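Data first, discussion second: the structure below is written as structure tokens.
Residue numbers start from 1 in every chain, and the chains themselves are labelled A, B, ... in the order their sequence lines are given, proteins ahead of strands. Worth saying up front: this structure is predicted, and the values here are computed from it rather than measured.
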Amino acid sequence: MSDLKLTAKDFKTDQEVRWCPGCGDYAILAAVQGFMPELGVPRENIVFISGIGCSSRFPYYMNTYGMHSIHGRAPAIATGLATTRPDLSVWVITGDGDALSIGGNHLMHALRRNTNLKILLFDNRIYGLTKGQYSPTSEIGKITKSTPMGSLDTPFNPISLAIGAEASFVARTMDSDRKHLQGVLRAAAAHQGAALVQIYQNCNIFNDGAFDLLKDADTRDDWTIRLEHGEPIRFGRDGAKAVVRDGVSGGLSIAEDVPADDPRVVVHDAHAADPSYAFALSRLSGSDLHYTPMGVFRSVERDTYDGMLNEQLGRARATAEPDLAGLLAGTDTWTVYQTREP
Amino acid sequence: MSDLKLTAKDFKTDQEVRWCPGCGDYAILAAVQGFMPELGVPRENIVFISGIGCSSRFPYYMNTYGMHSIHGRAPAIATGLATTRPDLSVWVITGDGDALSIGGNHLMHALRRNTNLKILLFDNRIYGLTKGQYSPTSEIGKITKSTPMGSLDTPFNPISLAIGAEASFVARTMDSDRKHLQGVLRAAAAHQGAALVQIYQNCNIFNDGAFDLLKDADTRDDWTIRLEHGEPIRFGRDGAKAVVRDGVSGGLSIAEDVPADDPRVVVHDAHAADPSYAFALSRLSGSDLHYTPMGVFRSVERDTYDGMLNEQLGRARATAEPDLAGLLAGTDTWTVYQTREP
Amino acid sequence: MQKEVKRLDRVVIRFAGDSGDGMQLTGDRFTSETASFGNDLSTLPNFPAEIRAPAGTLPGVSSFQLHFADHDIMTPGDAPDVLVAMNPAALRANQADLPAGATVIVNTDEFSTRAIAKAGYAANPLEDGSLDQYQLQAVPLTSTTVRALAEFDISKKDAERAKNMFALGLLSWMYHRPTDSTISFLQEKFARKPEIAAANVAAFRAGYNYGDTTEAFAVSYEVKPAPLPPGTYRNISGNPALAYGLIAASQRSGLPLFLGAYPITPASDILHELARHKRFGVRTFQAEDEIAGVGAALGASFGGALGVTTSSGPGIALKAETIGLAVSLELPLVVCDIQRGGPSTGLPTKTEQSDLLQALFGRNGEAPVPVVAAKSPSDCFFTAIEAVRIALTYRTPVVLLSDGYLANGSEPWQVPSVDDLPDLRVDFAREPNGPDGEFLPYLRDPETLARPWAVPGTPGLEHRIGGIEKADKTGSISYDPDNHDFMVRTRQAKVDGIARSLPPLEVDDPTGDAKVLVVGWGSTYGPIGAACRRVRRAGLPVAQVHLRHLNPLPSDLGEILHRYDRVVVPEMNLGQLAMLLRARYLVDVIGYNQVRGLPFRASELAEVFKGVITGV
Amino acid sequence: MQKEVKRLDRVVIRFAGDSGDGMQLTGDRFTSETASFGNDLSTLPNFPAEIRAPAGTLPGVSSFQLHFADHDIMTPGDAPDVLVAMNPAALRANQADLPAGATVIVNTDEFSTRAIAKAGYAANPLEDGSLDQYQLQAVPLTSTTVRALAEFDISKKDAERAKNMFALGLLSWMYHRPTDSTISFLQEKFARKPEIAAANVAAFRAGYNYGDTTEAFAVSYEVKPAPLPPGTYRNISGNPALAYGLIAASQRSGLPLFLGAYPITPASDILHELARHKRFGVRTFQAEDEIAGVGAALGASFGGALGVTTSSGPGIALKAETIGLAVSLELPLVVCDIQRGGPSTGLPTKTEQSDLLQALFGRNGEAPVPVVAAKSPSDCFFTAIEAVRIALTYRTPVVLLSDGYLANGSEPWQVPSVDDLPDLRVDFAREPNGPDGEFLPYLRDPETLARPWAVPGTPGLEHRIGGIEKADKTGSISYDPDNHDFMVRTRQAKVDGIARSLPPLEVDDPTGDAKVLVVGWGSTYGPIGAACRRVRRAGLPVAQVHLRHLNPLPSDLGEILHRYDRVVVPEMNLGQLAMLLRARYLVDVIGYNQVRGLPFRASELAEVFKGVITGV
Ligand SMILES: Cc1ncc(C[n+]2csc(CCOP(=O)(O)OP(=O)(O)O)c2C)c(N)n1
Ligand SMILES: Cc1ncc(C[n+]2csc(CCOP(=O)(O)OP(=O)(O)O)c2C)c(N)n1
Ligand code: SF4
Ligand code: SF4
Ligand SMILES: [Mg+2]
Ligand SMILES: [Mg+2]
């Protein structure tokens with residue numbers, strides 16, 4: 001689609017990348033830089049805005065406009081930019097702490113407002129930059145510097161949370177699976193409105209191997225549920241596992257050895273108007289990653305905040321030209337002619 | 001259950017109530033004061049903590065311990081209190097702006113942590129105290145002082161949001177329906193952990209009649225779905241309407257003229273482990289209130305944050321008595337004997 | 001019968017009633033009648049934080065004070081010559097402010113035994129002689145209004161509601177106010193309910209005629225127009241003036257205005273006002289909280305818009321971290337703090353000047369921010385324009401301080417001509433500025449030390465900025481000790497350098513022989529000015545200087561302070577500017593401080609100044 | 001062969017390498033060896049904000065400086081006598097600080113052409129003579145370590161990792177350090193991996209023997225123990241000291257400690273430390289953000305706990321509104337600000353003193369808060385206890401200021417005996433205190449002006465408090481102007497009154513004839529003290545006073561300042577305390593300011609002081 005002839009290299013900066021060797025962030029950076037040319041948007045019209053965290057250093061490494069802002073506030077800052085500059089492609093880079101701990105409220109509101117933002121949440125289930133405290137996605141009972149006897153809070157399921165917050169686009173992908181990651185980015189970029197992409201990311205220093213179950217060749221296929229719109233949800237080495245709907249409870253569950261023609265097998269519908277289905281999908285996996293759906297959970301079109309606001313401006317303007325003098329004078333003026341009386 | 005012989009009057013204070021005449025808050029206050037004796041907890045062990053808003057003036061009118069804190073922060077403040085004082089019955093009073101706008105993040109985290117708090121959200125779908133701007137629950141397109149051309153943000157569905165945030169108890173009730181309100185309070189009080197109770201509340205100054213559809217005798221029964229655990233979900237004047245499950249999509253929907261023995265009718269299970277069901281229920285009503293479930297959507301038991309933390313303290317103590325001198329000295333000391341050498 | 005007409009040079013009227021009695025509306029109407037008549041005027045609305053505190057109680061009382069005159073005046077007046085009390089509570093709540101001889105118009109219909117007791121009176125004040133020192137006008141406002149509206153087909157409740165219009169009519173007669181504007185106002189306001197509109201107009205006329213015909217009202221008063229400089233005038237209060245100033249600045253700079261705000265008293269009306277002017281390309285964003293409000297404004301500025309956020313003390317506290325980011329990013333941003341009583345939630349609907357130090361120092365690290373303050377309702381317009389000028393010229397966040405009194409108080413304003421407004425156009429960066437054809441986002445303008453503003457969409461200027469310390473010129477992350485020291489001092493020097501762009505201060509020292517200088521800032525301008533006039537009338541010399549710029553302080557201020565034997569600084573706080581002046585100039589300034597949630601009384605200040613002068 | 005042993009009175013060693021080279025660990029070990037040997041010491045860790053910036057790059061360099069001596073010392077030393085450089089980048093990043101004649105130990109294995117270029121060297125510094133002025137010790141650390149561990153069955157990577165222990169062994173030999181503690185430390189650290197443990201111990205020993213046997217190392221050095229006052233000592237850095245102080249205060253007050261915190265550098269370690277001591281009834285709550293952290297702490301205080309929150313500049317900014325609420329509620333609360341470089345995200349891992357004004361004024365309204373500051377790592381312990389004393393006695397939030405240097409730097413500490421710690425027990429309100437048997441939550445103690453602390457669970461004392469202005473005594477909502485003025489002044493008077501509880505300041509003026517006074521606060525204590533010693537050794541008199549209390553300022557400070565001809569205030573900011581002193585005492589203090597993210601150098605300060613003294 002792009003006739004700009006941009007390549008991944010065009011999106012690299014001269015800044016040396018300062019992540020730990022082996023950090024999953026490198027793979028994500030490479031995948032994003034590799035995808036950017038597809039956007040067909042000139043570099044000057046792309047903006048990356050991040051909060052604070054290892055992941056949030058990302059914008060420094062993208063040769064576009066960028067802002068490394070403050071902890072948790074990127075969605076709010078990006079909202080102001082996207083609302084005034086609909087001509088830009090605005091991306092938010094955030095982490096599980098940045099987006100879900102301090103920044104949870106901004107994220108939720110950005111999603112319900114449906115401002116045109118692409119939000120990439122690097123989820124390593126840990127606070128990396130502050131050296132390894134548990135995060136809102138850390139599994140319960142996690143031993144960290146701040147929880148020597150184990151963490152106590154039930155983690156958020158970011159997909160469930162986003163759907164509960166009226167998100168119009170929600171997806172999940174993996175740092176190491178470049179093809180899948182880029183596929184999800186493609187879908188997110190095509191979506192009109194706010195898109196939340198949860199990217200499982202390995203922090204090899206403070207939470208190494210967190211997602212190995214979904215990476216190791218010998219477990220990957222058994223635990224990963226790949227979602228393709230319109231396709232029956234089958235998975236497992238030999239495709240014998242499937243997501244089926246319990247006729248009674250109506251809930252979704254996993255069935256083994258499912259015959260090819262089994263009617264109970266759910267056909268994935270990312271465009272379902274009722275978010276209940278996507279929500280049910282999001283509950284198939286807990287923090288143990290047992291049966292983890294990957295891909296686009298939900299993608300429905302809805303008017304965007306920026307679109308509607310700019311439309312209101314247009315309508316207001318259509319009714320009458322702006323008249324500053326008239327505004328200042330208002331309707332209730334009087335005139336003084338004479339000067340001081342005797 | 002109470003042998004304290006307290007009455008509603010014992011919970012009234014000398015402060016004159018400063019809400020507008022006709023405000024729904026009066027009814028809620030009366031209902032809560034009427035319910036308190038049932039708690040069977042002495043007044044001195046009850047604490048009401050609120051944020052800021054008309055609704056948040058509530059604690060001043062309860063003759064218990066109370067704090068009228070700052071905007072949106074009540075859940076955080078109450079968390080500190082409930083965690084250190086498990087002997088207290090801690091109630092949070094908040095509004096749709098206080099809880100879902102500025103305070104959204106604290107609410108979400110309080111729910112996932114499951115600290116033992118009873119959170120009463122007075123939802124009048126408007127900012128009352130600041131004289132009528134739209135709130136996160138206001139219907140889209142709402143004309144207010146701050147949105148003369150109509151609001152643009154898709155409102156939150158507080159029930160969906162809470163379920164997406166891993167809430168263990170979520171309910172909805174109505175200011176004017178004292179019996180139902182008190183029934184919900186009873187269930188919330190009995191629940192071990194964080195309970196969110198959304199109370200539809202009429203602001204007769206800035207959003208009058210917002211919930212009339214569910215109050216007026218001639219529409220009430222047709223639009224209100226009363227949830228009773230273990231009961232088939234039937235409603236409507238003659239009980240001919242019911243919540244049924246679509247066999248194919250598995251989604252929930254409303255059916256008219258449902259025969260008494262129709263198997264499709266859903267039997268309400270508030271204790272369902274999978275929150276997908278409660279979430280689906282929450283989607284039956286949009287902000288137009290068309291088919292509004294009332295009652296306890298979800299109530300599941302889960303360890304509480306305060307319980308687990310205090311258990312950890314107990315375990316730590318069990319291993320060894322606290323020894324301050326030992327702590328200060330640590331393991332790496334040396335002793336200086338001689339004084340200045342020649 | 002022909003009634004006597006007395007001529008007065010000035011009158012102070014206070015309308016007082018329940019929050020539900022529409023006193024603010026009544027006051028507003030009387031104000032615009034008075035404005036269009038051509039008097040100079042100044043108003044002071046005063047209401048509780050509750051929306052409708054319970055009827056008949058003291059906390060429920062809402063009042064509106066108006067001072068108008070045939071000469072220019074500076075304050076809403078210290079004490080009312082006339083009090084209109086719609087019920088016993090309104091009488092009791094305001095009685096203390098009444099000088100002997102004042103006229104008191106009471107609505108006798110509301111003086112039931114219950115109401116009298118509810119207000120906390122032991123006995124009926126209308127009968128126990130406790131009002132003997134006043135000229136009491138007992139008028140059954142409610143019943144007379146209801147009777148006057150007998151033939152209208154409206155509810156009794158609606159009829160009673162119109163009693164405030166009856167009262168307005170009565171006072172309009174007493175002071176020869178023009179009535180047309182009110183009548184057309186009512187017809188517009190109730191356009192959708194013509195019956196109600198007609199009833200209110202009728203009540204208004206009935207009140208007017210009541211004065212004209214009733215024996216009790218033997219005298220009416222005439223206050224001639226004030227000889228204001230020729231021009232077109234309107235009445236305006238601070239919040240709309242501020243909103244207009246922002247729109248004007250947007251128009252004159254050619255930058256779209258973006259407001260990110262979260263509602264809070266007394267700042268909300270700026271959001272409301274701006275939301276009505278989308279036609280000017282104004283985008284208003286009601287954010288989820290104050291942090292998102294300022295964050296969105298900063299994001300808009302990054303994109304080349306005029307980013308603004310408005311709030312009051314508690315909200316400004318929440319914005320601190322983001323303002324610090326703006327200091328580090330060096331992007332334009334205007335932060336309006338409409339101050340109210342503090343600390344914490346404090347007194348939301350009352351006025352105070354206690355956020356000055358928060359504006360200056362309420363951030364982590366060395367994070368200098370220019371601060372400007374408005375001195376009167378209409379001055380909010382020009383102060384907003386000045387705040388924008390500084391923000392755009394120096395690429396910096398600017399804090400604009402107003403307060404609850406300016407926000408809601410009003411005064412006549414000579415409408416400025418658009419062409420006289422400053423040209424605020426800015427040059428965005430368009431070309432690389434580096435020696436090797438690269439773009440250096442922190443290469444500064446040698447004069448202003450401002451960095452280039454390169455907005456997304458500009459090819460070749462792609463760059464990254466952030467809150468971590470930046471290397472000089474390149475803006476890349478740098479932990480170098482000397483670079484940090486340099487950048488910290490450079491940001492400070494940039495803000496200090498703004499002083500070079502400021503006009504010399506105007507010292508008001510008519511006789512030139514004053515030994516005492518009064519220094520003020522913000523909304524104390526009126527009371528201080530009025531007090532200085534009194535002092536001079538009393539034959540004592542006194543000088544006055546009022547600061548619009550609190551940071552940086554004007555270059556000539558130090559020299560001016562040292563010219564006088566004594567410097568007095570009245571503030572509605574515990575001495576915040578006083579501290580700054582002492583630290584900066586080592587001058588032993590005398591602070592006079594009140595933290596009562598109300599503007600100073602001119603008479604009181606005058607006594608203070610006299611004391612200092614005679615003490616010299 | 002018998003090697004020469006030289007005696008030294010003091011040595012400054014700096015270990016430098018990649019973030020991944022374990023330099024901080026190496027430094028810590030050398031420090032505790034040195035501590036247990038009985039030297040006085042002071043350390044300065046210095047590392048980048050990134051976790052593992054890329055190997056071999058300048059930004060990736062992490063260093064640890066240690067100063068130890070046979071006498072008492074006050075700083076980590078201005079310049080290293082010995083630099084251990086694990087790679088070219090480490091050499092290049094630290095070379096500038098090296099005085100001529102310094103010993104430089106480099107790991108030659110890492111000096112590949114690529115690595116040399118990566119560090120930005122044009123040529124190999126080991127060959128181009130650019131190190132001629134130093135005593136160069138070229139040691140193939142990596143390869144020698146790997147060879148030494150040949151027989152261990154561990155990965156090459158693990159073997160190479162042990163090179164820092166080899167270096168530690170070498171320096172332990174050079175300076176006659178006791179080795180047992182390190183060996184047992186390694187066995188503990190790698191308890192779960194015995195092979196790794198054994199390998200590291202072997203590497204450590206190999207390094208030791210390498211020094212002993214290699215020709216190149218002809219000399220070893222002896223630094224005798226320092227004659228510290230008798231007692232039991234330990235080495236401690238500021239964050240653990242602060243955590244212990246809080247635990248001690250909790251024990252001495254009998255109140256359970258509740259910490260509400262959100263992680264942030266350099267404060268996180270306090271959360272980590274306290275989380276390990278649940279046995280003391282310590283509850284640590286990692287909140288969703290800083291606002292929730294302080295909010296939860298305040299809620300805990302309301303319930304009768306010792307509520308504490310810890311953060312650094314950006315987080316403190318976010319807590320501003322809630323601290324204002326605490327001011328209004330008048331509940332005990334301790335807010336610890338471990339300052340770092342600002343503004344905004346600034347320099348997260350560097351030190352600075354630039355939050356003083358934020359601590360004092362970073363809130364809306366008149367919201368006075370007591371402020372105390374620690375002067376050395378171990379002093380964080382006593383400062384925490386003092387902060388708690390003030391919070392509990394006066395029922396107020398207190399800000400405790402520490403900084404990145406104190407947080408991570410360490411020094412020997414004479415372990416106090418528990419019984420010598422102050423008794424901090426408090427009396428909760430138990431009975432109604434009103435004339436009519438009612439409870440008045442704002443009826444104050446006449447001496448301290450503290451209000452009663454009535455905790456939930458106390459029958460008969462049920463009451464409501466909030467952030468809206470309160471009526472005196474009853475605490476009910478009040479909009480009364482005079483009440484507000486009274487409450488504002490009373491809250492201020494309460495904080496001012498704390499000064500009456502402070503001991504007289506200790507002015508260090510040995511000769512008694514000094515004309516110049518140096519005033520400091522916080523972590524500048526060491527450098528200022530060391531500088532004063534140098535000045536005095538040079539025969540010039542100088543006086544020093546160091547402030548623990550920044551608000552209120554001690555009652556005798558004004559008189560002390562006026563005693564001297566000149567007052568110098570060195571600060572790692574642009575002059576924040578200087579401004580306060582000028583405003584309060586009208587003294588023309590001279591500020592000496594550096595904002596480099598590093599502690600002052602004693603030598604530099606000494607020159608500044610001399611300049612002022614000779615200038616008098
Ligand atoms: C206001 C504020 N609070 C706290 C911090 C400290 N801090 C920086 S990043 C971070 C969390 C990082 O975790 P995450 O968002 O998951 O990013 P990651 O480093 O794991 O990629 C914290 C607590 C800060 N910089 N600013
Ligand atoms: C930090 C802060 N921001 C804003 C406000 C102003 N404010 C007070 S209440 C309120 C919203 C009230 O709405 P809601 O929570 O729905 O309560 P209601 O009045 O409708 O009961 C706002 C914006 C404030 N007091 N403090
Ligand atoms: S700490 Fe973890 S997340 Fe951060 S850069 Fe290192 S590996 Fe990546
Ligand atoms: S404004 Fe609305 S919510 Fe507030 S007190 Fe009045 S009626 Fe109730
Ligand atoms: Mg993370
Ligand atoms: Mg509301």
Side-chain angles (χ1 to χ4, degrees), chain A residues 72 100-109 111-114 136 140 147-150 152-157 159-166 168 245-253 266 269 272 274-277 279-283 302-309 311-313 315-316, chain B residues 72 100-109 111-114 136 140 147-150 152-157 159-166 168 245-253 266 269 272 274-277 279-283 302-309 311-313 315-316:
Chain A
L100 300 173
S101 198
I102 193 169
N105 204 36
H106 305 306
L107 178 68
M108 280 171 18
H109 284 269
L111 293 174
R112 84 175 171 98
R113 265 186 216 112
N114 202 35
I140 195 164
T147 52
M149 296 179 76
L152 303 172
D153 342 16
T154 299
F156 279 132
N157 176 327
I159 305 290
S160 305
L161 187 67
I163 293 169
E166 312 297 327
S168 63
R245 175 167 290 111
D246 176 324
V248 186
S249 82
L252 300 181
S253 56
V266 174
D269 177 10
D274 181 347
S276 303
Y277 161 69
F279 186 88
L281 268 184
S282 75
R283 306 312 293 187
R302 199 174 86 212
D303 286 346
T304 66
Y305 182 87
D306 42 320
M308 290 186 283
L309 179 57
E311 183 273 336
Q312 282 191 341
L313 261 62
R315 250 192 300 141
Chain B
L100 300 172
S101 197
I102 192 169
N105 205 35
H106 305 307
L107 178 68
M108 280 173 13
H109 283 269
L111 293 175
R112 84 176 170 97
R113 260 186 220 113
N114 203 35
I140 196 163
T147 53
M149 296 179 76
L152 303 171
D153 344 18
T154 299
F156 280 131
N157 176 328
I159 305 290
S160 305
L161 187 67
I163 294 169
E166 312 297 327
S168 62
R245 173 166 291 113
D246 175 323
V248 186
S249 82
L252 300 182
S253 56
V266 175
D269 177 9
D274 182 347
S276 303
Y277 161 70
F279 185 89
L281 268 184
S282 75
R283 306 312 295 189
R302 199 173 86 212
D303 286 345
T304 66
Y305 182 86
D306 43 323
M308 290 186 283
L309 178 57
E311 183 272 333
Q312 284 191 339
L313 262 61
R315 249 192 300 141

Query raised in the report: A:Asp274 and B:Arg283: salt bridge (charged side-chain N to carboxylate O under 4.0 Å, His left out), yes or no, with the steps?
Result: CA-CA 7 Å; A:Asp274 181 347; B:Arg283 306 312 295 189; 5.0 Å; no
Report task. Pick one of side chain, backbone, both or neither for A:Pro136, based on which atoms fall under 4.5 Å of a heavy atom in chain B. Result ->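 Both backbone and side chain of A:Pro136 come within 4.5 Å of chain B.
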Between [atom1] on residue [X] and [atom2] on residue [Y], distance to nearest 0.5 Å:
X: B:Asn114; Y: A:Leu152; atom1: CG; atom2: CG; answer: 11.5 Å
X: A:Leu107; Y: B:Asn105; atom1: CG; atom2: CG; answer: 9.5 Å
X: B:Arg315; Y: A:Met149; atom1: CZ; atom2: CE; answer: 4.0 Å

Query raised in the report: Quick check: does any side chain N or O of A:Gln312 sit under 3.5 Å from a backbone N or O of B:Gly150, one acting as donor and the other as acceptor?
Result: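 Such a contact is found between A:Gln312 side chain and B:Gly150 backbone.
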Query raised in the report: Between B:Glu166 and A:Thr154, is there a donor-acceptor pair closer than 3.5 Å when you use the side chain of the first and the backbone of the second?
Result: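 Side chain of B:Glu166 to backbone of A:Thr154, a donor-acceptor pair under 3.5 Å: no, none is there.
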Report task. Among the options A:Ala316, A:Ser160, A:Pro275, A:Ala162, pick out the one with the most heavy-atom pairs lying under 4.5 Å from chain B. Result -> A:Pro275
Per-residue contact mode, [X] against chain A (heavy atom under 4.5 angstrom):
X: B:Leu281; value: neither
X: B:Ala272; value: neither
X: B:Tyr277; value: neither

Of all heavy-atom pairs between [X] and [Y], which one has the smallest distance, and what is that distance?
X: A:Ser276; Y: B:Ala280; value: OG-CA, 3.3 Å
X: B:Asp153; Y: A:Arg113; value: OD2-NE, 3.3 Å
X: B:His109; Y: A:Leu100; value: NE2-O, 2.8 Å

**Report entry** Parallel, tilted or perpendicular: ring planes of B:Phe279 versus A:Phe279, cut at 30 and 60 degrees
**Finding:**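 The arrangement is parallel - the two ring planes meet at less than 30°.
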Query - Note, B:Leu161 side chain near A:Arg112 side chain (heavy atom, < 4.5 Å) - result: no
